Amino acid sequence: RANEEIQRFAYIVSHDLRAPLVNVMGFTSELEGADKQLATFLDKVEAERPDLVSQDAAFAVREDLPEAIGFIRSSTQKMDRLINAILALSRQGRRVLTPVELDMNVLLDEIAASLTTLAEDRDAEIVLQPLPAIRHDRIAVEQIFTNLIENALKYLRPGVPGRIVVSGRQDGDRAIFEVEDNGRGIKEGDHERIFELFRRSGEQDQRGEGIGLANVRALAYRLGGTVEVRSQFSEGSVFTVTLPTEYVDEGAVDG
Ligand SMILES: Nc1ncnc2c1ncn2[C@@H]1O[C@H](COP(=O)(O)OP(=O)(O)O)[C@@H](O)[C@H]1O
Ligand SMILES: [Mg+2]
């Protein structure tokens, strides 16, 4: 149950970090307001008694302070996004899973349909091959494949039309799915790292916080499965999701 510990820890930490952060954000706005007052005052003094205004003071009020406040603001906004992401992950981790019969052909059709606009924007096609059915929590499975296909669409090679193929097969009591792309690929040394929280790899030319794959892996583990990557840099990547064909609730076994 180490996972539950971590979930609880993540929840408490992010929750507790939020309060001081909200304070910092609030007082940053006050600083900004105060600086505006000072600037107005400075304009007046400069007009009436220019001999009283030093260059340093004028620079501090008009340049240094606004710049520093801008940096504080963009840093706290970034921190706020990260805290929200951790909260969402831990909330997700504590959600009760409800296994249902999933026709993966239908589910992947729906996911592909929801990504049509993105695919068209990126000049990419999504090819769905016949997939085995499984019995799992719908939202968890949806999140796994949405994230993987979204990534495949995001990290294509410029100038090369994207081709993303989703395939699957059954192997005993496991179902094995692959999401394959012909995109920019991932450097050898980053194959494991990309599954870590907030980790990104390669050129940072796409929006993102580095949370998707950490979530995918956490979800796959929770469903009793795994997710792995094979990739050749600048040729493409294959993400393999292995799941038991039926979800077994470990909690239920303990009673
Ligand atoms: N299909 C892919 N092709 C190439 N690189 C990928 C692919 N999927 C993920 N990556 C790399 O893994 C990193 C982490 O992915 P992810 O956790 O989804 O975060 P994000 O997409 O927000 O960056 C990405 O920034 C990218 O460098
Ligand atoms: Mg992503």
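This is a predicted model, so every value here is computed, not measured. Note that ligands are numbered from 1 as they come in the structure, with each ligand's atoms numbered from 1 the same way.
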Quiz item: So which protein heavy atom does atom 12 (O) of ligand 1 come closest to, and at what separation?
Solution: I194 CG2, 3.2 Å
Quiz prompt | Nearest-neighbour protein heavy atom for atom 14 (C) of ligand 1, which is reported as residue plus atom name and distance | solution = R199 O, 3.4 Å
Practice problem: Provide, to 0.1 Å, the distance between atom 20 (P) of ligand 1 and the closest protein heavy atom, together with that atom's residue and name. | Solution: Y155 OH, 3.3 Å
Self-check item: Nearest-contact summary for atom 16 (P) of ligand 1 - protein heavy atom, Å
Solution: L213 N, 3.6 Å
Quiz prompt | A152: numbered ligand 1 atoms lying under 4.0 Å from its heavy atoms | solution = 1 (N)
Practice problem: Sort by chain and number the protein N/O/S atoms that are closer than 2.8 Å to the Mg ion (ligand 2), and list them. | Solution: N151 OD1
Quiz item: Looking only at heavy atoms of G183, does any of them come nearer than 4.0 Å to an atom of ligand 1?
Solution: no
Quiz item: Do F145 and F177 make the cut of ring centroids closer than 6.0 angstrom?
Solution: yes
Practice problem: Check each heavy atom of S237 against ligand 1 and say whether those closer than 4.0 Å belong to the side chain, the backbone, both or neither. | Solution: side chain
Quiz prompt | Spatial distance of atom CG (L108) from atom CG (L102) [nearest 0.5 Å] | solution = 10.5 Å
Quiz item: V179 and L118: same hydrophobic cluster, using ILVMFWY side-chain contacts below 4.5 Å?
Solution: yes
Exercise. Note the single closest protein heavy atom to atom 27 (O) of ligand 1, along with its residue, its atom name and the distance in Å.
Key: S201 O, 2.6 Å
Exercise. Using a strict 4.0 Å cut-off to heavy atoms of K154, name the atoms of ligand 1 that fall inside it.
Key: 20 (P), 21 (O), 22 (O)
Self-check item: Side chain, backbone, both or neither: the part of F239 lying under 4.0 Å from ligand 1 by heavy atom
Solution: side chain
Practice problem: Test side-chain contact (heavy atoms from CB on, under 4.5 Å) on N23 and M25 and set out the steps. | Solution: CA-CA 5 Å; N23 260 330; M25 285 159 88; over 6 Å; no
Quiz item: Taking only heavy atoms of G208, which atoms of ligand 1 are found under 4.0 Å from at least one of them?
Solution: 22 (O)
Quiz item: Hey, is I186 touching ligand 1 through its side chain, its backbone, both or neither, going by heavy atoms under 4.0 Å?
Solution: side chain
Quiz prompt | Which segment of E150 sits under 4.0 Å of ligand 1 when only heavy atoms are counted | solution = neither
Quiz item: What are the atoms of ligand 1, with element, lying closer than 4.0 Å to any heavy atom of G210?
Solution: 17 (O), 19 (O), 20 (P), 22 (O), 23 (O)
Quiz prompt | Y11 six-ring face occupied by R94 cation (under 6.0 Å, within 45°) | solution = yes
Quiz item: Is L128 linked to I111 within one hydrophobic cluster, defined over Ile, Leu, Val, Met, Phe, Trp and Tyr using a side-chain heavy-atom separation of less than 4.5 Å?
Solution: yes
Quiz prompt | Q55 atom CD, neighbour heavy-atom count above 12 within 6.0 Å | solution = no
Quiz item: Out of curiosity, N151 CG to D181 CG, how far, rounded to the nearest 0.5 Å?
Solution: 9.0 Å
Quiz prompt | For ligand 1, the portion of Q206 having any non-hydrogen atom under 4.0 Å away | solution = neither
Quiz item: Is there a donor in the side chain of R73 and an acceptor in the side chain of S29, or the other way round, less than 3.5 Å apart?
Solution: yes
Self-check item: Euclidean distance, I176 CD1 relative to R169 CZ, rounded to 0.5 Å
Solution: 4.0 Å
Quiz prompt | Over 12 foreign heavy atoms within 6.0 Å of CD, E101 | solution = yes
Practice problem: Would you please determine whether I211 falls within less than 4.0 Å of ligand 1 on a heavy-atom basis? | Solution: yes
Quiz item: Using a heavy-atom cut-off of under 4.0 Å, does the side chain or the backbone of D181 touch ligand 1, or both, or neither?
Solution: side chain
Self-check item: Min N/O separation N151 to ligand 1 under 3.5 Å
Solution: yes
Quiz item: Below 4.0 angstrom, N of the basic side chain to O of the carboxylate: do R163 and D123 qualify?
Solution: no
Practice problem: Run the salt-bridge test on D43 and R62 with the 4.0 Å N-O cut-off and return the result as yes or no. | Solution: yes
Practice problem: Assess R217 against F195: is NZ or CZ under 6.0 Å from the centre of the six-membered ring, and within 45 degrees of the ring's axis? | Solution: yes
Practice problem: Just need the protein heavy atom nearest to atom 23 (O) of ligand 1, so name the residue and atom and give the distance. | Solution: R200 NE, 2.6 Å
Exercise. Before signing off on this row, confirm whether A214 and ligand 1 have an N or O atom pair separated by under 3.5 Å.
Key: no
Quiz item: Does any N or O atom in E209 lie less than 3.5 angstrom from one in ligand 1, N or O only?
Solution: yes
Quiz item: Hey, are the side chains of V166 and E178 touching, using non-hydrogen atoms and a 4.5 Å cut-off?
Solution: no
Quiz item: Quick one: which ligand 1 atoms are inside 4.0 Å of a heavy atom on R184?
Solution: 27 (O)
Practice problem: Treating Ile, Leu, Val, Met, Phe, Trp and Tyr as nodes and any side-chain heavy-atom pair under 4.5 angstrom as an edge, say whether V227 and L97 lie in one connected cluster. | Solution: yes
Quiz item: Is R199 paired with D190 through a side-chain N to carboxylate O contact shorter than 4.0 Å?
Solution: no
